[in-house]
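Values in this document were obtained by computation on a predicted structure and should not be read as measured data.
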Amino acid sequence: MILNFQLINVESKVYSSSDDIRKYKNININYDINLRNPSLVAQNTPFGEKSVLRVEYTFAINYLSPNIGHIRFEGLSDYYSEDDLKELKDKWDSGKAPGDVQNEIANTMVANLAPLALLLSKALGLPPSMPVPVINFQQMQKKKEEPTYYHG
């Protein structure tokens, strides 16, 4: 479980004017996630002092083809488990980080940073950094008779 998620640095840059950016029909957006430098640290929790695996992260959103800008976040995340964290760190150091732990850290990172990335992309005049849902009331009214099952 993630006990702590911290944003340390935000960097963003636009390489083109907003008028130039509007001319482009197709812009590739690349997401680069890097989890690195795992370390064991003591962390105060509601359950007392616990050892956690601290992982540094970088999450970069690059606007490519054409190269018009980027948004980059850096920080750290503290992961806790009842499993042996020293063994987990040793696996990570040897290049065999467990996928479920990487996924949990990466998904927490994206869930926390996606709203901020959308705000920054709008403020910079860049296309939305993440897909934004499209609302269509006409389609919603046609499907009104169909039940929706949220708790399947």
Per the side-chain contact (heavy atoms from CB on, under 4.5 Å) rule, which among Asp100, Val55, Leu76, Leu53 passes with Ile105? Val55

For the rings on Tyr57 and Phe5, is their centre-to-centre separation under 6.0 Å? yes

Does a side-chain heavy-atom distance below 4.5 Å link Val110 with Ile33? yes

Would you mind reporting whether Ile2 and Asp78 have side-chain heavy atoms less than 4.5 Å apart? no

What is the minimum heavy-atom distance between Ser121 and Pro127, and which atoms define it? CB-O, 3.4 Å

Gln6 CD to Arg54 CZ distance, which is reported to the nearest 0.5 Å: 7.0 Å

Using 0.5 Å steps for rounding, measure from the OG atom of Ser129 to the CG atom of Asn62. 11.5 Å

Pro115 and Ala111: which non-hydrogen atoms are nearest, and at how many Å? CD-O, 3.5 Å

Taking the side chain as every heavy atom from C-beta outward, state whether Leu120 and Val10 have any atom pair closer than 4.5 Å. yes

Atom NZ of Lys50 and atom OH of Tyr80: how far apart are they, to the nearest 0.5 Å? 4.0 Å

What are the two closest heavy atoms between Phe59 and Met130, and how far apart are they? CZ-CE, 3.6 Å

Student check: side-chain heavy atoms of Ile68 and Leu126 closer than 4.5 Å: yes

Could you tell me if the side chain of Ile29 sits less than 4.5 Å from the side chain of Ile61, heavy atoms only? yes

Go through Leu116 and Leu7 one step at a time and tell me if the side chain to side chain contact (heavy atoms under 4.5 Å, CB included) criterion holds. CA-CA 11 Å; Leu116 183 55; Leu7 178 60; 3.8 Å; yes

For the residue pair Gln43 and Asn4, establish whether any side-chain heavy-atom pair is separated by less than 4.5 Å. yes

Nearest 0.5 Å, what's the CG-CG distance between Asn44 and Leu3? 11.0 Å

Parallel, tilted or perpendicular: which one describes the rings of His70 and Tyr15, with boundaries at 30° and 60°? tilted

For a 4.5 angstrom cut-off between non-hydrogen side-chain atoms, does Tyr79 reach Thr108? no

Evaluate the side-chain proximity of Leu88 to Val101: yes if any heavy-atom separation is below 4.5 Å, no if none is. yes

Roughly how far, to the nearest 0.5 Å, is OH of Tyr63 from OG of Ser16? 12.5 Å

Looking only at non-hydrogen atoms, find the nearest pair between Pro38 and Lys89 and report the distance. O-CE, 3.4 Å

Apply the test side chain to side chain contact (heavy atoms under 4.5 Å, CB included) to residues Asp90 and Lys86: give CA-CA distance (whole Å), side-chain angles for both, the deciding distance (0.1 Å), then the verdict. CA-CA 6 Å; Asp90 291 342; Lys86 172 140 180 38; 3.4 Å; yes

Separation of Ile71 CD1 from Leu124 CG (nearest 0.5 Å): 6.0 Å

Can you name the closest pair of heavy atoms from Leu85 and Ser51 and give their distance? CD1-O, 3.0 Å

Are the charged groups of Glu74 and Arg72 less than 4.0 angstrom apart, N to O? yes

